[in-house]
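Scroll down for the structure; my scribbles are underneath it.
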Amino acid sequence: MSLVVYNTITRKKEEFKSINEGAVGMYVCGPTVYGYPHLGHAKSYVSFDIIYRYLCYLGYKVKYVQNITDVGHLVGDRESGDDKIQKQALIEKIDPVEIAYKYETIYFENMDALNVKRPTISCRATGHIIEIIDMVKTLIDKGYAYVTDKGNVYYRVNMFPKYGSLKNINLEENLSGERIEVASDKERNEDFALWKKAEDNHLMKWPSPWGLGYPGWHIECSVMSKKYLGKTFDIHGGGMDNIFPHHECEIAQSEIANDAPFVNYFIHNNLVTVNGQKMGKSLGNFITLPDLFKDYDPIIVRFYILQNHYRKPTDFNKGQLNTTSEIYKKLSETINRLYSETKDIETDNFTYDEEIQTIKDNFLNAMNDDFNTSLAISYILESSKLINKELNGDKNKDKLLSLKNFIQECACEILGLKFNTSNASKENELIEIISNIRNKMREEKNYELSDKIRDDLKSIGITLNDRK
RNA sequence: GGACCUAUAGCCAAGUGGUAAGGCACGGGACUGCAACUCCCUGAUCGUUGGUUCAAAUCCGACUAGGUCCUCCA
């Protein structure tokens with residue numbers, strides 16, 4: 001079975017075929033770095049991490065480009081809007097460049113904690129101002145963009161008939177009815193900014209043919225994807241909320257500037273909700289990752305995200321997160337047992353067990369069907385049951401090694417789960433010693449003391465699992 | 001107002017034409033000195049309503065509820 005992905009362009013699942021055999025170019029919209037990342041970012045980047053990991057597993061050489069938006073953009077194109085990075089800089093009383101760098105660092109630390117692999121290329125908007133100016137020039141030369149008296153540059157949306165097709169938006173119906181901005185210097189209200197003139201109090205600005213200014217929100221992604229992936233590439237990803245207008249604008253810019261189709265597959269993850277409402281920075285109902293990680297191991301947050309499909313919304317729910325935490329602990333214990341009991345077994349040649357091969361096939365089929373992680377996880381849990389049975393029973397070498405291989409490839413490599421598989425710490429040795437003494441007491445039927453040891457250890461969070 | 005998505009057991013969640021995966025919780029059992037762990041068994045006709053079909057959770061229509069986008073947001 002081959003890989004099938006849902007393509008936003010066609011609103012259908014399609015068989016995945018890369019432009020160049022054995023290689024994939026993928027661009028995912030990265031964060032604007034002016035605040036702490038939240039659970040929504042986690043869902044998005046974990047989702048694309050899965051796609052990245054799975055494509056690698058399938059043998060593709062993947063070039064995964066992700067931008068860092070370190071230029072603040074105005075809310076809309078209005079003169080009165082705030083530049084979010086600048087705003088944060090004024091609050092924290094440090095330079096906007098420091099703000100961007102600070103939150104970029106935190107972003108990556110948080111993603112590392114979630115075991116999200118770093119993109120192969122991470123690029124910043126501020127590092128591509130020359131190329132941005134260049135593409136804006138091209139669009140002006142082709143007549144698709146215009147410079148206003150104020151020194152702003154806008155894209156003529158009505159010249160690009162495809163605009164709105166990604167989101168299936170009809171501009172006539174949706175935009176023409178709105179009140180035209182009186183103060184705007186645009187030809188038409190739906191036109192979007194490619195370059196904005198900087199007001200005197202604007203901190204981040206660059207010289208350009210149109211005066212001192214800064215790039216519009218959408219142009220950086222067109223520029224950087226072209227630079228690193230070429231005019232046409234395989235996959236473009238991002239959150240659903242970026243479909244319109246961001247990705248529409250990218251298509252409009254890139255296809256005209258490059259005279260080539262932009263992207264073959266657009267993949268969008270669904271959003272995180274809180275009590276059914278979208279979690280968003282502007283709504284103020286977001287849960288930041290640093291806060292969440294105080295109460296939950298990041299890898300459990302990752303597991304929680306993967307229990308939902310990426311195209312379905314995840315409703316944040318502490319009760320469910322606690323449940324997930326319990327499930328993950330059990331799974332970890334089982335897998336740790338598997339690793340510790342197989343660490344001395346020769347792994348060179350073993351016959352892959354048929355039953356486990358079937359589970360692995362099912363797992364891969366689930367992944368092939370548009371990265372169905374929630375179904376895939378059910379096979380991991382099924383294997384967990386088999387591990388316990390085998391460890392409590394025959395301890396068949398082929399079965400154990402097959403299971404170990406399955407966990408290693410599917411749970412660890414593809415899903416990016418981590419289990420605490422080292423038993424080497426002093427603490428564990430100590431527990432082992434205490435446990436042995438306690439077992440001795442139990443043999444001597446000194447239950448009063450052995451129960452006290454069990455209870456005392458339990459009270460500091462260590463559970464002894466008695467086995468025959 | 002326009003476009004679109006979702007609705008499956010107490011909860012989470014797969015399943016897109018052939019009679020409902022998995023997990024948690026609940027209950028029963030095996031194991032145990034007792035317990036925990038582990039294993040076994042146990043639950044839904046799929047929002048409502050029409051229709052298409054030999055056959056629908058799965059396709060089409062209507063309705064209801066919730067959500068997203070049409071301003072920045074992963």
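Naming: A, B, ... by sequence-line order, numbering from 1 per chain.
Between B/A74, B/U38, B/G15, one nucleotide has an atom nearer to the side chain of A/Asn372 than all others, and that is B/G15. Of all nucleotides listed (B/C69, B/A74, B/U38), B/U38 comes nearest to the side chain of A/Asn388. Side-chain atoms of A/Leu271 lie closest to B/A74 of the nucleotides B/C39, B/C69, B/A74. Out of B/A74, B/G33, B/C4, the shortest distance to the side chain of A/Asp451 is found at B/G33. Taking only side-chain atoms of A/Phe244, from C-beta outward, the nucleotide of B/A13, B/C70, B/U38 with the closest atom is B/C70. Nearest nucleotide to the A/Lys312 side chain, out of B/A74, B/C40, B/A7: B/A7. For A/Arg438, whose side chain is taken as the heavy atoms from C-beta onward, the closest listed nucleotide among B/G33, B/A74, B/U71 is B/G33. Considering only the side chain of A/Met240, B/U68 comes nearest among B/U68, B/C4, B/U38. Relative to the side chain of A/Pro245, the nucleotides B/A74, B/G33, B/U71 differ in distance, and B/U71 lies closest.
Side-chain atoms of A/Asp70 and A/Tyr103 form no donor-acceptor pair, as typed in the model, at a separation below 3.5 Å. A/Asn269 and A/Tyr45 share no side-chain donor-acceptor pair at under 3.5 Å. Side-chain polar atoms of A/Asp185 and A/Tyr154 form a donor-acceptor pair below 3.5 angstrom. Using modelled atom types, one finds a donor on one side chain and an acceptor on the other under 3.5 Å when comparing A/Asn67 with A/Glu220. The closest side-chain donor-acceptor pair between A/Tyr339 and A/Gln408 falls under 3.5 angstrom. Remark: the A/Thr273 side chain and the A/Asp315 side chain contain an N/O donor-acceptor pair separated by less than 3.5 Å.
Between B/C11 and B/A25, the two P atoms lie 16 Å apart (nearest whole Å). Comparing the P positions of B/C31 and B/A21 gives an interatomic distance of 30 Å, to the nearest angstrom. Comparing the same atom, C1', in B/G17 and in B/G2 gives a spacing of 33 Å after rounding to whole Å. The separation of B/A65 from B/C26, taken at their C1' atoms, amounts to 29 Å, rounded to a whole angstrom. Taking the P atoms as reference points, B/A36 lies 13 Å from B/A30, given to the whole Å. Distance noted for atom P between B/C40 and B/A56: 34 Å (whole Å). Annotation: B/A7 and B/G15 have their P atoms spaced 10 Å apart (nearest Å). The separation of B/G43 from B/C60, taken at their P atoms, amounts to 33 Å, rounded to a whole angstrom.
Residue contacts for A/Val28: at a heavy-atom cut-off of 4.0 Å it reaches no nucleic acid atom on any strand shown. Nucleic acid contact for A/His268: none, since no nucleic acid atom lies under 4.0 Å from a heavy atom of the residue. When heavy atoms are screened at a 4.0 angstrom cut-off, A/Gly238 is found touching the sugar-phosphate backbone but no base atom.
Between A/Leu464 atom CG and B/U38 atom C1' there is a gap of 15 Å when expressed in whole angstrom units. Going from atom CG of A/Asn269 over to atom P of B/U68 covers 15 Å, rounded to whole Å. For the pair A/Lys278 NZ and B/C72 C1', the computed distance is 9 Å after rounding to whole Å. Across the protein-nucleic acid pair, A/Ile300 atom CD1 and B/C12 atom C1' stand 16 Å apart, rounded to whole Å. Summarising the geometry, the separation between NE2 on A/His218 and P on B/A74 is reported as 13 Å, rounded to the nearest angstrom. Straight-line distance from the CG atom of A/Asn308 to the P atom of B/G15: 12 Å, rounded to whole Å. Regarding A/Ile462, its CD1 atom lies at a distance of 20 Å from the P atom of B/A36, rounded to whole Å. Summarising the geometry, the separation between NZ on A/Lys452 and C1' on B/G33 is reported as 19 Å, rounded to the nearest angstrom.
Electrostatic pairing of A/Lys330 and A/Glu333 does not count as a salt bridge here, judged by no charged N lying under 4.0 Å from a carboxylate O. Taking a cutoff of 4.0 Å between a charged side-chain nitrogen and a carboxylate oxygen, A/Lys399 and A/Asp394 do not qualify as a salt bridge. Salt bridge A/Arg454/A/Asp451: present, at least one basic N to carboxylate O contact under 4.0 Å. Using a 4.0 Å cut-off between charged nitrogen and carboxylate oxygen, A/Glu248 and A/Lys167 do not count as a salt-bridge pair.
Of the two residues near RNA chain B, A/Arg311 and A/Thr463, the one whose nearest nucleotide lies more 5' is A/Arg311.
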Report, one pair per line, the protein and nucleotides 63-66 of chain B atoms (nitrogen or oxygen only) whose separation is under 3.5 Å.
none

Quick one: which protein N/O atoms are closer than 3.5 Å to N/O atoms of nucleotides 20-27 of chain B? Pair and distance per line, please.
from	atom 1	to	atom 2	distance (Å)
B/G23	OP1	A/Lys385	NZ	2.9

Could you go through residues 376-383 of chain A and list every donor-acceptor pair under 3.5 Å that involves a side-chain atom there, pairing it with any protein atom two or more places apart or in another chain?
from	atom 1	to	atom 2	distance (Å)
A/Ser378	OG	A/Leu375	O	2.6
A/Ser383	OG	A/Ile380	O	2.7

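Across all strands shown, B/A74 forms no Watson-Crick or G-U wobble pair with both key distances under 3.5 Å. The pairing partner recorded for B/A44 is none, the criterion being a Watson-Crick or G-U wobble arrangement whose two distances lie under 3.5 angstrom. Pairing for B/C39 is with B/G29, a Watson-Crick or G-U wobble pair whose two hydrogen-bonding atom distances lie under 3.5 Å. Using Watson-Crick or G-U wobble geometry with both donor-acceptor distances under 3.5 Å, B/U6 finds its partner in B/A65.
Listed pair A/Asn392 / B/U38 fails the phosphate criterion, with no side-chain N or O lying under 4.0 Å from OP1 or OP2.
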**Study point:** Stepwise side-chain contact (heavy atoms from CB on, under 4.5 Å) test for A/Glu250 and A/Val263
**Key:** CA-CA 10 Å; A/Glu250 280 184 51; A/Val263 169; over 6 Å; no
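Proximity of A/Asn152 to A/Lys186: side-chain heavy atoms (C-beta onward) are nowhere separated by under 4.5 Å.
Put simply, A/Tyr447 rests on the base of B/G33: the two rings are less than 5.5 Å apart at their centres and nearly parallel, under 30°.
At a cut-off of 3.5 angstrom, counting only N and O atoms as typed in the model, there is no donor on one side facing an acceptor on the other between the side-chain of A/Arg454 and the base of B/A36.
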